[in-house]
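Numbered from 1 within each chain, the chains take letters A, B, ... in sequence-line order.
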Amino acid sequence: AQSVTQPDIHITVSEGASLELRCNYSYGATPYLFWYVQSPGQGLQLLLKYFSGDTLVQGIKGFEAEFKRSQSSFNLRKPSVHWSDAAEYFCAVGLTGNQFYFGTGTSLTVIP
Amino acid sequence: DTAVSQTPKYLVTQMGNDKSIKCEQNLGHDTMYWYKQDSKKFLKIMFSYNNKELIINETVPNRFSPKSPDKAHLNLHINSLELGDSAVYFCASRSSGAEQFFGPGTRLTVL
């Protein structure tokens, strides 16, 4: 079945530590790939996106993600987490025909 | 200048009532969406319109009826509200580059 998987429901990291959030997808062709962040009570903000080309993409707020075709993965990383990064993170895929699917989300808690 | 706006932000109503949520985008995009986010934060696409034409209609009860008077507006009307309709509803607008811009959400509570 076609899906977007975020295996980690909740992650807790210390401020200043590195972060990696996992995302895997199972679609036939390489879809458009996105990471969004949702702060409590807020809408979704785009962190970064991958369409083609360089498999390492840079986003806002110091985030980056790497597309690995062989693993059907698009993991999000940040070298040093700030307390303000605490939020819900969603991986998403965009397909032809305007279909758009989200993963189940990963909730990030940052410990001072 | 809000790119995607929704009204109201909060909506509390009784079971059986009919309510509408309005969405407007000033980005000039042709495609707009409605998503439902449940209590577990799961986001699911409900509808998509391209230039006022319905192009995606997921398995949603027919009590939900989207209306697009023009390509900048996509409203959601819900008839005979049920407890299970309680959720946060997000409107989004899609650029030509497939990126989606989201509204702030409407938190619907059905009592």
- [ ] Drop me the distance from B:Tyr35's OH to A:Phe100's CZ, to the nearest 0.5 angstrom.
- [x] 5.5 Å
TODO: Find the distance between CG (B:Leu43) and CZ (A:Phe90) and round it off to the nearest 0.5 Å.
DONE: 5.0 Å
Open item on the list: With clusters defined by side-chain heavy atoms of hydrophobic residues (ILVMFWY) lying less than 4.5 Å apart, directly or transitively, does A:Tyr25 cluster with B:Ile45?
Closed with: no
Open item on the list: So for B:Lys9, is it side chain, backbone, both, or neither that comes closer than 4.5 Å to the heavy atoms of chain A?
Closed with: side chain
Task: Reported CD-to-CD1 distance for the pair A:Gln99 and B:Ile56, which is rounded to 0.5 angstrom - done: 4.0 Å
Task: Which atom of A:Tyr32 lies closest to which atom of B:Ala98, heavy atoms considered - done: CD1-CB, 3.2 Å
Open item on the list: Tell me whether B:Leu108 shares a hydrophobic cluster with B:Met15, the cluster being built from Ile, Leu, Val, Met, Phe, Trp, Tyr side chains joined at under 4.5 Å.
Closed with: yes
Open item on the list: Does atom NZ (B:Lys22) have a neighbourhood of more than 12 heavy atoms from anything else shown, all under 6.0 Å?
Closed with: no
Open item on the list: Looking at A:Glu20, I'd like to know if its CD atom is crowded, meaning that more than 12 non-hydrogen atoms belonging to other residues, nucleotides or ligands lie closer than 6.0 Å.
Closed with: yes
- [ ] Give a yes or no on whether A:Trp35 and A:Val4 share a hydrophobic cluster (residues Ile, Leu, Val, Met, Phe, Trp, Tyr; joining criterion: side-chain heavy atoms under 4.5 Å apart).
- [x] yes
Open item on the list: So, taking the atom named NZ in B:Lys41 and the one named CD in A:Gln38, what distance separates them when rounded to the nearest 0.5 Å?
Closed with: 5.0 Å
- [ ] Give the cluster check for B:Phe42 versus A:Ile11: same hydrophobic cluster or not, with ILVMFWY residues linked at side-chain heavy-atom distances below 4.5 Å.
- [x] no
Task: Ring center gap for A:Tyr36 and B:Phe102 short of 6.0 angstrom - done: yes
TODO: Would you please go through residues 40-53 of chain A and name the residues with a non-hydrogen atom below 4.5 Å from one of chain B, in numerical order?
DONE: A:Gly41, A:Gln42, A:Gly43, A:Leu44, A:Leu46, A:Lys49, A:Phe51
- [ ] Would you give the length of the straight line joining atom NZ of B:Lys44 to atom CZ of A:Phe102, rounded to the nearest 0.5 angstrom?
- [x] 12.5 Å
Open item on the list: Taking CG in B:Leu27 as the centre, count heavy atoms belonging to other residues, nucleotides or ligands within less than 6.0 Å. Is the count above 12?
Closed with: yes
TODO: Give, as side chain, backbone, both or neither, the part of B:Gln100 having an atom under 4.5 angstrom from any heavy atom of chain A.
DONE: both
Task: Residue-level contacts of residues 56-86 of chain A with chain B, using a heavy-atom cutoff under 4.5 Å - done: none
